[in-house]
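Presented below is the structure to which this report refers.
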Amino acid sequence: MANPKEKDPVDIVHQNAIHVETIMKELRHQKLYTEFNINPFKKLHILTDKPMSNITYRKEEEDPAFVQAIQRAHLEPTKKYSHPQTEAQEIGWISSPLIASDRSDRRLNFPRQNSEITKYMDAAWRLKEQTQNLG
């Protein structure tokens with residue numbers, strides 16, 4: 001069997017240089033966030049106090065930006081955005097009719113009409129259903 005290769009002794013100066021380089025790289029790409037707020041898309045669960053508790057909390061004023069963010073998160077997409085954000089939203093995005101319906105206009109309105117044939121078939125279907133239900 002071959003003898004395993006002996007490891008070089010640990011060079012503290014070399015390891016310290018690697019450590020310093022790693023820290024400098026982390027600091028270069030680090031972003032410091034100092035403004036935090038609650039995610040408006042996550043459900044808030046409010047816990048009540050104990051029934052026999054004497055602690056009274058002071059009423060704090062609402063942050064209007066936070067209230068607006070919560071209200072905007074609960075809107076439907078057509079009210080939030082001017083255009084659809086995904087392909088799936090394109091279907092049904094414009095739900096209002098393109099032209100106003102006018103019942104008196106004969107070009108666009110085709111009401112159901114009964115003729116002798118349709119009246120006969122109505123009676124035939126009704127008779128068929130009644131005989132099937134009785135038997």
Side-chain angles (χ1 to χ4, degrees):
M1 283 194 187
N3 290 336
K5 187 177 176 184
E6 291 184 21
K7 291 186 177 179
D8 294 331
V10 177
D11 186 9
I12 297 175
V13 175
H14 181 64
Q15 284 192 347
N16 190 24
I18 292 173
H19 186 65
V20 168
E21 186 178 337
T22 306
I23 290 174
M24 293 304 290
K25 188 186 290 185
E26 287 176 359
L27 289 176
R28 245 183 302 155
H29 298 290
Q30 179 182 18
K31 289 183 181 177
L32 184 63
Y33 294 102
T34 58
E35 188 175 320
F36 298 99
N37 52 16
I38 297 173
N39 185 357
F41 299 106
K42 201 170 192 178
K43 292 267 187 201
L44 284 176
H45 300 287
I46 299 171
L47 301 175
T48 58
D49 291 333
K50 294 181 179 179
M52 301 302 286
S53 173
N54 286 339
I55 301 172
T56 57
Y57 295 100
R58 64 176 191 259
K59 181 76 174 172
E60 297 199 17
E61 57 188 57
E62 298 174 342
D63 182 19
F66 176 72
V67 173
Q68 184 181 8
I70 292 289
Q71 289 173 349
R72 183 170 170 79
H74 290 294
L75 290 176
E76 49 268 7
T78 53
K79 293 181 182 173
K80 267 194 240 182
Y81 311 110
S82 60
H83 299 292
Q85 301 296 305
T86 62
E87 291 290 323
Q89 285 180 347
E90 287 183 8
I91 300 170
W93 187 264
I94 302 173
S95 59
S96 60
L98 297 177
I99 57 172
S101 63
D102 184 14
R103 293 286 189 186
S104 62
D105 189 2
R106 299 287 294 163
R107 297 174 297 170
L108 301 174
N109 189 26
F110 304 103
R112 182 174 294 181
Q113 297 177 350
N114 289 333
S115 65
E116 291 180 18
I117 297 172
T118 57
K119 288 178 186 176
Y120 171 76
M121 284 310 294
D122 268 344
W125 279 103
R126 211 174 299 119
L127 181 65
K128 181 181 175 185
E129 287 177 358
Q130 287 175 356
T131 55
Q132 284 179 350
N133 290 338
L134 291 176

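Within a 6.0 Å radius of CD in Glu76, more than 12 heavy atoms belonging to other residues, nucleotides or ligands are found. In the displayed structure, Leu27 atom CG is contacted under 6.0 Å by more than 12 heavy atoms of other residues, nucleotides or ligands. Counting heavy atoms of neighbouring residues, nucleotides and ligands inside a 6.0 Å radius, atom CD1 of Ile12 does not exceed 12 of them. For Ile18, the CD1 atom counts as densely surrounded, since its 6.0 Å shell holds more than 12 non-hydrogen atoms of other residues, nucleotides or ligands. Counting non-hydrogen atoms of neighbouring residues, nucleotides and ligands closer than 6.0 angstrom, the CD atom of Gln30 exceeds 12 such neighbours.
The side chain to side chain donor-acceptor pair (under 3.5 Å) check on Arg107 picks up Asp105, with sequence neighbours excluded. With sequence neighbours excluded, no residue forms a side-chain contact (heavy atoms from CB on, under 4.5 Å) with Ser101.
Residues Glu90 and Trp93 are not in side-chain contact: their nearest non-hydrogen atoms beyond the backbone lie 4.5 Å or more apart.
Among all heavy-atom pairs drawn from Asp102 and Asn109, the shortest one is O-CB, 4.2 Å. Shortest non-hydrogen contact noted between Lys119 and Asn114 is CE-CB, 4.0 Å.
Using a distance-only test at 3.5 Å, with no hydrogens or angles considered, no donor-acceptor pair links the side chain of Ser95 to the main chain of Gly92.
Summarising the geometry, atom CZ belonging to Phe66 is positioned 10.5 Å from atom CD belonging to Gln71; distances are rounded to the nearest 0.5 Å. To the nearest 0.5 Å, atom NZ of residue Lys79 and atom NE2 of residue His74 are 14.0 Å apart. To the nearest 0.5 Å, the span separating CD1 on Ile70 from CG on Leu75 amounts to 11.5 Å. Atom-to-atom distance recorded for Arg72:CZ and Gln68:CD is 8.0 Å, nearest 0.5 angstrom.
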For residues 81-88, which side-chain donor-acceptor pairs fall under 3.5 Å, sequence neighbours excluded?
from	atom 1	to	atom 2	distance (Å)
Gln85	NE2	His83	O	3.1
Thr86	OG1	Gln89	N	3.3

